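Keep in mind that this is a model prediction, so the values were computed, not measured. Order of the sequence lines fixes the chain letters, A, B, ..., with proteins taken first and strands second; residue numbering starts at 1 for each chain. Only this structure's heavy atoms are used, side chains among them; waters, hydrogens and symmetry mates stay out.
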Amino acid sequence: MLPARFDYQRPETLEEALFLLDRYGEDGKILAGGQSLIPLMKLRFASPAYLVDINRIPGLGDIKESGGKLVLGALARHNEIADSDVITARYPLVASAAPQISDPIVRNLGTVGGSLSHADPAGDWGSVMLALGAEVVVRSSSGDRTLVIDDFLRDTFTTDLRPNELLVEVRVPAPSPHSGGAYLKLERKVGDFATVGVAVQLALNDGHVATAGIGLTAVGPKNLRARDAEESLAGAEPGDAAFAKAARLAAAAAQPQSDVRGSADYKRHVVEVFVRRGLARANQMAKA
Amino acid sequence: MQITVTVNGTERTADVEPRLLLVHLIREVFGLTGTHVGCDTTNCGACTVRLDGTPVKSCTLFGVQADGRSVTTVEGLATNGQLHPIQAAFKEEHGLQCGFCTPGMMLTGAALLEKTTDPTEDDVRWAISGNLCRCTGYMNIVKAIQAAGRAMQDEKAPEPAGAAS
């Protein structure tokens, strides 16, 4: 399949990239891992006049801890995240989600910044970042904006990014000592979009739930935060009763649609089961 | 756009449209047809090549993105007329039926074996989960990759004392 013609630019610095985005405005599109954008261009669902390839900008894919946060550079590849020692050691939700994205070869190129900016409701990172209370930093030639992920993900394939802005990093708060997290995903086969995905993060304090974060994948117009479920857990005694109640509330918050991957009722049921299982798993980690 | 790509160790230049996919650059401009176009939708992995050593689906990358980088295709596996261990193992273990997925399977398998020459069956199945075999001949593909790993260990291992060579 042949995409429509476009002009290709490969800036070597962030400044140069931002200059180009200013110049191209709505006609420009950023090329990161390209694992969603290029298929869309081949199908001619997307036909940007200008493509700004950011893959050669040094440092944009760094993974590090800084100021009590995990900082993921926009270009961090899914497989680099999966293989990161600091993430494996301290961020179990991130570590469990990364290897479940698409397939191993796609994960070699696909990036966290590209995935979030694409804002596919079946994308996995959005739910993970909702559950973790992450922020994103977006940059333009006029400066930075820091947005909580809830405000960044606005609608189906729609973010708060302006045409001249680039998502440069994702900041994930370091989990508290007694915490755990997990990502559960149902897919028909490796590489398929999620039928349902659930991200769960749980923090305990003095034997009670301090905070809970729950993000839902592929069951709404965008990645959803199961707010009622989160609130029902705050202060609760961690255990089957509280988890079952939260799972019911999360299922009620889901807005699934029937499609080839399953009926709406089925997907809602999977949300409930996954939230219950995810909370139980996170609780085990938090108590360990 | 003028680009230079090191293909299987040889520097090649081409003047291409930015929209030309890497797989078409390899097949049609460089004339290396061992890299196959399967689904053309990022699913099947038949077009897998290694970009600076990393397996990528060459139908989901523009040729211009390979400018200044090195690409290894199935034609680059053998050296000096000697099959790469993974090629020898696919032959020995009947790791192919129709052969369409084979180049991608071997390149993905070779990348895995550079990390570990002793992968478990699960490791292999996980590593090749982005490469589809429409013949469903996975059993022998997995066996071939593991056999290649053993062959690579033997190559590296010192000869036991007194062994005839």
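A side-chain donor-acceptor contact under 3.5 Å links Q87(B) to the backbone of H84(B). Looking only at distances, a side-chain donor or acceptor of Q153(B) sits under 3.5 Å from a matching main-chain atom of T117(B).
With a threshold of 4.5 angstrom between heavy atoms, L43(A) does not approach chain B through any atom at all. Of the atoms belonging to L51(B), not a single heavy atom falls under 4.5 Å from chain A. For chain B, the nearby part of L51(A) is the side chain; its heavy atoms alone come within less than 4.5 Å. Looking at I105(A), the atoms closer than 4.5 Å to chain B (heavy atoms on both sides) sit in the backbone and in the side chain alike.
Under a cut-off of 6.0 angstrom, the local environment of CE in M139(B) is sparse, with at most 12 non-hydrogen atoms contributed by other residues, nucleotides or ligands. Atom CZ of F100(B) sits in a crowded spot, with more than 12 heavy atoms from other residues, nucleotides or ligands closer than 6.0 Å.
Chosen from L132(B), I128(B), V56(B), the residue pairing most often with chain A at heavy-atom distances under 4.5 Å is V56(B).
A distance of 4.5 Å separates CD1 of I63(A) from CD1 of I87(A), quoted to the nearest 0.5 Å. Summarising the geometry, atom CD1 belonging to I145(B) is positioned 7.0 Å from atom CE belonging to M105(B); distances are rounded to the nearest 0.5 Å. Taken to the nearest 0.5 Å, the CG atom of L14(A) stands 6.0 Å off from the CG atom of L60(A).
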Taking atom types as modelled, which donor-acceptor pairs link chain B and chain A at under 3.5 angstrom?
| residue | atom | partner | partner atom | Å |
| --- | --- | --- | --- | --- |
| E17(B) | OE2 | R5(A) | NE | 3.0 |
| R19(B) | NH1 | P3(A) | O | 2.9 |
| D40(B) | O | K42(A) | NZ | 3.0 |
| D40(B) | OD1 | K42(A) | NZ | 2.6 |
| D40(B) | OD2 | M1(A) | N | 2.5 |
| P55(B) | O | N108(A) | ND2 | 2.9 |
| K57(B) | NZ | D103(A) | OD2 | 2.5 |
| C59(B) | O | K42(A) | NZ | 2.8 |
| T60(B) | O | Q35(A) | NE2 | 3.1 |
| V64(B) | O | R10(A) | NH1 | 2.9 |
| Q65(B) | O | R56(A) | NH2 | 2.9 |
| D67(B) | O | R56(A) | NH1 | 3.2 |
| D67(B) | O | R56(A) | NH2 | 2.8 |
| D67(B) | OD2 | R10(A) | NH2 | 2.8 |

Full working for side chain to side chain contact (heavy atoms under 4.5 Å, CB included) between V7(B) and I26(B):
CA-CA 9 Å; V7(B) 185; I26(B) 292 168; 5.8 Å; no

